[in-house]
Amino acid sequence: MVFLGRLADLAGAPALELAAPLDWAGLKAELAPALAAALDDPRNRVALNGALLADKASLQAVAGDEIALLPPVSGG
Amino acid sequence: MVFLGRLADLAGAPALELAAPLDWAGLKAELAPALAAALDDPRNRVALNGALLADKASLQAVAGDEIALLPPVSGG
Amino acid sequence: MPSRALHRDIRLLDAPFHPGALIGPFTEANPGLGGVCTFVGEVRSDPGVEALELTHYEPLTLSGMHDLADRAFQRFTLMGLLMVHRIGLMRPGEPIVCVSAAALHRRDAIDAVDFCMDHLKSAAWFWKREKRAGQWYWIEPREADHRDLARWQS
Amino acid sequence: MPSRALHRDIRLLDAPFHPGALIGPFTEANPGLGGVCTFVGEVRSDPGVEALELTHYEPLTLSGMHDLADRAFQRFTLMGLLMVHRIGLMRPGEPIVCVSAAALHRRDAIDAVDFCMDHLKSAAWFWKREKRAGQWYWIEPREADHRDLARWQS
């Protein structure tokens, strides 16, 4: 799982290895409370293998998948 | 007197020497009818020594003055 | 000019670049153009700012810039579009973005650059932080950037 | 940046010029800028057009460009403004106008270029004619140019 922008600071690292498979509830259970809360924040988007999820809670990740947690962008 | 843009074609030359002094009526009397009509056309502006006249008919030119007849501009 | 290929050059660069070296070839690649509009953004010399870092998310950022170019080509009558964006660590004075649009008419060229810049500033996948007094601070989106973006919704 | 001089470069040129050679020094003359917007207009390769000639009236044209620059500096927050316009005989593909604005913020730079171009196109003292099949034809102002100009009246 990769964390972008300020969420990398919150996670303490730009990436984290998690055991698959994972659904939304499983993912939140694996993360520290602050990161689980960031997952729920509607301003933060989730991408699976480079594709944004329209409905984050529908996440279904299997071994080898890359989950990305993306905070609001802050400009070029 | 100088003629800009298409008015130089109408005048047959870019410039013309006229005897001074000249007021508006005197200027029109010196010019061919087509040019006199162009003078009256409100789309054409008149400058005296590089300064646009707000009221063309107030023209008072003396020896050495440059009168310019300026048609609508057509872009850079 | 029937069915000539549209010229498109979209890049993410992780090292300093010289906009002038891009614009000459871009202009020459669009013969017959009426006008070229170019915007170059540089890292401002704000007091106390030592460096700027732009992070991107590779699977989204470049494809997002291509989507933006597609929309610019749909919305404006363009001959060519150049969109180059820095990522990584930058110092004040370094170019950070260069967008150039070539068109038959100036309105399309100017508006396309305006459109692309507004979207790059507040809808592209970049995260920016700046270093002041040895500390990094994340930059929040500016309200003015959101207002600029909203101009294109109509 | 307290009380730094504003950089202004306004010129009429009667021979071909290379915009790239103007923009580099212009950008360097405005250290600390946030963005530079540049528009370059070229003589379009319209079918049948062999040449273009721009006439000006020297006592009005250059001073009119300076007045326009004054208004741009009043209306937008600019650091520098470059406005270079060709006069005389030109061939398709030759640059005819180059306007560049440097500012702390992109909105000012882009809008200033847009403003100057609209005024140069339909309110500056130039007369244009083009040669087709060996004959010269005077160009009338385009309706679109008047509409573009009217955007700035409010």
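Every chain is numbered from 1 and lettered A, B, ... according to where its sequence line falls, protein lines coming before strand lines. Keep in mind it's a predicted model, so treat the numbers as computed, not measured.
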Q: Could you tell me the separation between the CZ atom of C/R151 and the CZ atom of D/R107, rounded to the nearest 0.5 Å?
A: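 Interatomic distance, C/R151 CZ to D/R107 CZ, rounded to 0.5 Å: 3.5 Å.
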Q: Find out whether C/D145 and D/R106 are in side-chain contact, i.e. whether some heavy atom of one side chain is under 4.5 Å from a heavy atom of the other.
A: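 Yes, at least one pair of side-chain atoms sits under 4.5 Å.
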Q: Name all pairs fulfilling the ring-ring contact (aromatic ring centres under 6.0 Å, His included) condition that reach into residues 14-56 of chain C, sequence neighbours left out, sorted by first residue then second.
A: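 Found C/H7-C/F26.
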Q: Which one of D/G41, D/P92, D/G35 has the most heavy-atom pairs closer than 4.5 Å to chain C?
A: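 Heavy-atom pairs under 4.5 Å are most numerous for D/G35.
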Q: With rounding to the nearest 0.5 Å, note down the distance linking CZ in C/R44 to CG in D/L104.
A: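 Rounded to the nearest 0.5 Å, the CZ-CG separation comes out at 6.0 Å.
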Q: Give, as side chain, backbone, both or neither, the part of C/D46 having an atom under 4.5 angstrom from any heavy atom of chain D.
A: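 When you check distances to chain D, no heavy atom of C/D46 falls under 4.5 Å.
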Q: Just wondering, more than 12 heavy atoms not from C/E58 lying within 6.0 Å of its CD?
A: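 At most 12 heavy atoms, drawn from other residues, nucleotides or ligands, come within 6.0 Å of this atom.
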Q: Applying a heavy-atom distance below 4.5 Å, give me the residues of residues 109-117 of chain D that approach chain C, sorted by number.
A: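 From residues 109-117 of chain D, the residues near chain C are D/A109, D/I110, D/D114, D/M117.
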Q: Is D/T27 in contact with chain C via its backbone, its side chain, both, or neither, using a 4.5 Å heavy-atom distance?
A: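 For D/T27, side-chain heavy atoms alone lie under 4.5 Å from chain C.
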Q: Can you give me the closest heavy-atom contact between D/C37 and C/C37, atom names plus distance?
A: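 Residues D/C37 and C/C37, closest heavy atoms: SG-SG, 3.7 Å.
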